[in-house]
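Report on the structure given below.
Values in this document were obtained by computation on a predicted structure and should not be read as measured data. Each ligand, and each atom within it, is numbered from 1 in the order the structure gives.
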Amino acid sequence: MSRTLIRHAQVVTPAEVLATSVLIEDDKIAALDVAEHTRADEVIEARGLVLLPGVIDPHVHFRQPGLEHKEDLQSGSLAAAAGGVTTVLEMPNTRPPTTTVERLHQKLELASRRCLVNYGFYIAATSDNLSELQRARRTPGIKIFMGSSTGNLLVDDPEVLRRIFAQTTLPIATHCEDEATIRRNRQRLGGRLTVEDHSRIRDHEAALRSTQLAVELARATGHRLHVLHLSTAQEIPVVAAARGLVTTEVCPHHLFFNVEDYARLGTLVQVNPSLKTVEDNRALWQGLLAGQIQLVATDHAPHTLEEKRRPYPESPSGIPSVENSLALMLDQVNRGRCTLEQVARWMAEAPALVWDIVGKGRIAPGYDADLVLVDMNLQRTIRNQEQHTRCGWSPWDGTTLQGWPISTWVRGHRVYHRGRFDTSRPGGEVQFDHARGGFWAAVPTAEPS
Ligand code: DOR
Ligand code: ZN
């Protein structure tokens, strides 16, 4: 058995932040607050540092198979580990897309050799793969693109959607942007478009209408639903009203960027759902702080700089951020906007609950030793040339943040330490226990609203 003792860290547990020790035995957290002289193979002296549960990012695009020039499971998972992310749930719009059980299993097999962090893969709905969705196991759930985005997985016929909601049992996650509204806006705007028009085409109404439909379908069928990447103030009450059945998330780019940023960053911040206004930024923060939005996920969506710099609308939508999301949030802790406990809740515990992930999301005995040690005083400037993602850029290039991960453990194995990786052991397949019933079954409805 291998034992690692992390001593004198400020440990973020669900209840509090306390100065204590954490003993790791093999791949599990064995105990907290052990005696000073507990024997261990390795002792990590962590005075002045903060130990958080490893970040679970339940929304990344790692592009393998088929789009490896943008990212693959190896490059994406190195980026994740450097960013303190120990588990990723990956989206199905690869080439070919993950629309069958066979392809899902192929991804799992590939990841078991190539992915440095723990992994799970969504299966995508199409208009005719119901039996695959019904058969699928070993997956967090079903992804439905109710609005078109990268790839061609659009399912927007209400009857087809109703059938998927009514005749499947896996949790459903939706990309909500109403296709008819998008089309109408595009026609109205006519020929010469600029990137600013991206937010006029994929406007507030498009997001709101589609989210309303998804929530309606969830209600009508009693089907658990997670609305991905909320981008408007108006969607928040729609989702919050379906508390108990529906959960949601917000991405760093919808918290930190808005339409004003097109002037400086152009198509680099072109993303679906589109960026909205500074008021939406504020409302999304508010919704997160109030518990109406349950978690922070990145929607890490790498495209090369060359692709992103094509003239709009040939430029693809998507922003890479898996290696900077934790630092972006820790910087906010340093600015007093939120607490370490909230960051641990939004980025580890809540995603574990929403997706029924077994044994992860907390620092507690018996849980997997997926951990990240952070230095809340460390200041670093994000630089394109230092990114680990294959696409090699970040919209935060040149931004200085305070509060950075320095060490990351995946199932008891230190995979990242101060710029260096140990790739000798891949991460593990995430286990899902969907009988647990998701976030609301675990968190009584007494959560603040
Ligand atoms: O901006 C986006 N990029 N939104 C999506 O829904 C997909 C993603 C991608 O895969 O590029
Ligand atoms: Zn996405």
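The pair Arg200-Asp197 meets the salt-bridge criterion, since a charged nitrogen lies less than 4.0 angstrom from a carboxylate oxygen. A salt bridge is defined here as a Lys NZ or Arg NE, NH1 or NH2 lying under 4.0 Å from an Asp or Glu carboxylate O, and Arg224 with Asp356 meets this definition. Ion pair Arg411/Asp368 not flagged as a salt bridge, since none of the NZ, NE, NH1 or NH2 atoms sits closer than 4.0 Å to an Asp/Glu carboxylate oxygen. In this structure, Asp72 pairs ionically with Arg390, as a charged nitrogen and a carboxylate oxygen lie closer than 4.0 Å. Note on Glu216 versus Arg219: no salt bridge recorded, every NZ/NE/NH1/NH2 to OD/OE distance being 4.0 Å or above.
In the vicinity of Ala301, heavy-atom distances shorter than 4.0 Å reach the ligand 1 atoms 3 (N), 8 (C), 9 (C), 11 (O). Taking every heavy atom of Val271 and a limit of under 4.0 angstrom, the matching atoms of ligand 1 come to 1 (O). Of all atoms in ligand 1, numbered sequentially from 1 with element shown, those under 4.0 Å from a heavy atom of His303 are 11 (O). Numbered from 1 in the order shown, with element, the atoms of ligand 1 that lie under 4.0 Å from a heavy atom of Asn272 read 1 (O), 2 (C), 4 (N), 5 (C), 6 (O). Within ligand 1, the atoms closer than 4.0 Å to a non-hydrogen atom of Ser149 are 2 (C), 4 (N), 5 (C), 6 (O), 7 (C), numbered from 1 in the order shown. In the vicinity of Phe145, heavy-atom distances shorter than 4.0 Å reach the ligand 1 atoms 6 (O).
By the ring-ring contact (aromatic ring centres under 6.0 Å, His included) test, Tyr416 pairs with Phe421, sequence neighbours left out.
Of all protein N, O or S atoms, those under 2.8 Å from the Zn ion (ligand 2) number 3.
Here Met91 has no heavy atoms under 4.0 Å from ligand 1, in either its backbone or its side chain. Counting heavy atoms under 4.0 Å from ligand 1, residue Gln270 does not touch it at all. Neither the backbone nor the side chain of Ile319 comes within contact range of ligand 1; no heavy atom lies under 4.0 Å. The side chain of Arg63, and not its backbone, has at least one atom closer than 4.0 Å to an atom of ligand 1 (non-hydrogen atoms only; side chain from C-beta on).
At the top of the distance list for atom 9 (C) of ligand 1, counting protein heavy atoms only, stands Thr150 OG1, 3.1 Å. Here the heavy atom of the protein found nearest to atom 3 (N) of ligand 1 is Ser317 O, 3.0 Å.
A pairwise comparison of heavy atoms in Ala125 and Val155 identifies O-CG2, 3.5 Å as the closest pair.
Here OG of Ser127 is found 13.5 Å from CD of Glu159. Values are rounded to the nearest 0.5 Å. With rounding to the nearest 0.5 Å, the separation of NE2 in His69 from NE2 in His303 is 9.0 Å.
The backbone N or O of Leu401 lies less than 3.5 Å from a partner atom in the side chain of Trp404, making a donor-acceptor pair. Using modelled atom types, no side-chain atom of Glu249 and backbone atom of Leu228 make a donor-acceptor pair closer than 3.5 Å.
No donor-acceptor contact under 3.5 angstrom links the side chains of Ser321 and His300, judged on distance only.
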